[in-house]
Amino acid sequence: MNKKKLGYKELPAGDLLEAGTALDFETGSWRSDRPIHDEEKCINCLICWAYCPDSAIKVEDGKVKEIDLRYCKGCGICAQVCPPKIKAITMVEENKAEK
Ligand code: SF4
Ligand code: SF4
């Protein structure tokens, strides 16, 4: 079959989603790596909370309470932005993480 390749002008537009809708989409099933939060090391600067694209980091009384795995897609941004001297979030392979 000789299918004609589409030029960029003929390609259909991708989806556009409104901002601030992360909680409408449970992206946890996408995850291959899981963030593990170490409460002992955490200084509660909340940088990870600000950067998480899925609103998965839950904060209570100014402190990280938990990472809601229903929303966490395992992108690892939280572990990247956690200050290097603190390193309170470690990404581990999902199949090696405690259930
Ligand atoms: S890995 Fe971290 S930044 Fe990424 S979705 Fe999960 S909690 Fe949010
Ligand atoms: S970025 Fe690191 S130190 Fe700051 S609140 Fe998140 S886990 Fe804690």
Side-chain angles (χ1 to χ4, degrees):
M1 198 166 79
N2 208 359
K3 233 178 163 185
K4 181 186 173 274
K5 286 188 179 170
L6 297 177
Y8 78 96
K9 287 182 181 169
E10 298 156 302
L11 290 172
D15 272 347
L16 291 175
L17 298 176
E18 274 180 57
T21 56
L23 293 178
D24 295 340
F25 301 96
E26 293 192 5
T27 51
S29 63
W30 300 4
R31 198 177 54 251
S32 57
D33 289 342
R34 181 186 298 196
I36 305 293
H37 175 244
D38 185 334
E39 216 178 285
E40 300 289 314
K41 290 185 184 172
C42 180
I43 57 168
N44 293 297
C45 63
L46 304 186
I47 295 173
C48 57
W49 169 81
Y51 275 85
C52 175
D54 289 293
S55 301
I57 297 175
K58 302 300 172 198
V59 171
E60 203 172 273
D61 298 327
K63 293 182 175 176
V64 173
K65 185 180 169 219
E66 63 173 341
I67 297 177
D68 189 334
L69 295 175
R70 287 175 305 159
Y71 297 101
C72 169
K73 65 177 167 231
C75 64
I77 291 173
C78 53
Q80 286 292 317
V81 298
C82 185
K85 286 188 178 166
I86 308 297
K87 280 280 167 215
I89 299 180
T90 313
M91 300 302 291
V92 299
E93 282 178 43
E94 188 62 29
N95 59 8
K96 292 182 184 157
E98 282 179 30
K99 298 291 170 198

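What you see is a predicted model, and the numbers here were worked out from it, not measured in a lab. Just follow the structure's listing: the first ligand is 1, and inside any ligand the first atom is 1.
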Inset, instruction - State plainly whether the residues Lys63 and Asp61 are in salt-bridge range, i.e. N to O under 4.0 Å. - result: no
Inset, instruction - Would you mind running through ligand 1 and noting each atom that sits below 4.0 Å from a heavy atom of Pro53? - result: 3 (S)
Legend entry - Proximal protein heteroatoms (N, O or S) of atom 6 (Fe) of ligand 2, under 2.8 Å: Cys48 SG
Legend entry - atom 8 (Fe) of ligand 1: nearest protein contact (heavy atom, Å): Cys52 SG, 2.3 Å
Inset, instruction - Specify the protein heavy atom at minimum distance from atom 6 (Fe) of ligand 1: its residue, its atom name, and the distance to 0.1 Å. - result: Cys72 SG, 2.4 Å
Legend entry - Listed partners of Asp33 passing salt bridge (Lys or Arg N to Asp or Glu O under 4.0 Å), at least two apart: none
Legend entry - Which of the ligand 1 atoms, numbered from 1, are nearer than 4.0 Å to a heavy atom of Gly74: 1 (S), 6 (Fe)
Legend entry - Enclosure of Glu66 CD (heavy-atom neighbours >12, cutoff 6.0 Å): yes
Legend entry - Over all atoms of both residues, closest heavy-atom pair of Lys41 and Ala88: CB-CB, 3.9 Å
Inset, instruction - Grab the two heavy atoms, one from Phe25 and one from Tyr71, that are nearest each other, plus how far apart they are. - result: O-CD2, 3.5 Å
Inset, instruction - Please could you name the atoms of ligand 1 that Asp54 approaches to less than 4.0 Å, counting only its heavy atoms? - result: 5 (S)
Legend entry - Close-contact set for ligand 1 against Ile67 heavy atoms, below 4.0 Å: 7 (S)
Inset, instruction - Decide whether Leu69 and Val64 are clustered together by the hydrophobic rule: side chain heavy atoms of Ile, Leu, Val, Met, Phe, Trp, Tyr closer than 4.5 Å, transitively. - result: yes
Inset, instruction - Provide the closest heavy-atom pair for Ala79 versus Met91 in the form atom of the first, atom of the second, distance. - result: CB-CG, 3.9 Å
Legend entry - Identity and distance of the protein heavy atom lying nearest atom 4 (Fe) of ligand 1: Cys75 SG, 2.3 Å
Legend entry - ILVMFWY cluster, Ile47 and Ile89 together (side-chain gap under 4.5 Å): no
Legend entry - Top protein contact for atom 1 (S) of ligand 1, by heavy-atom distance: Gly76 N, 3.2 Å
Legend entry - Heavy-atom pair of closest approach, residues Ile57 and Ile67: CG1-CG1, 4.1 Å
Legend entry - Taking every non-hydrogen atom, the tightest pair across Asp68 and Arg70: OD2-NH2, 2.7 Å
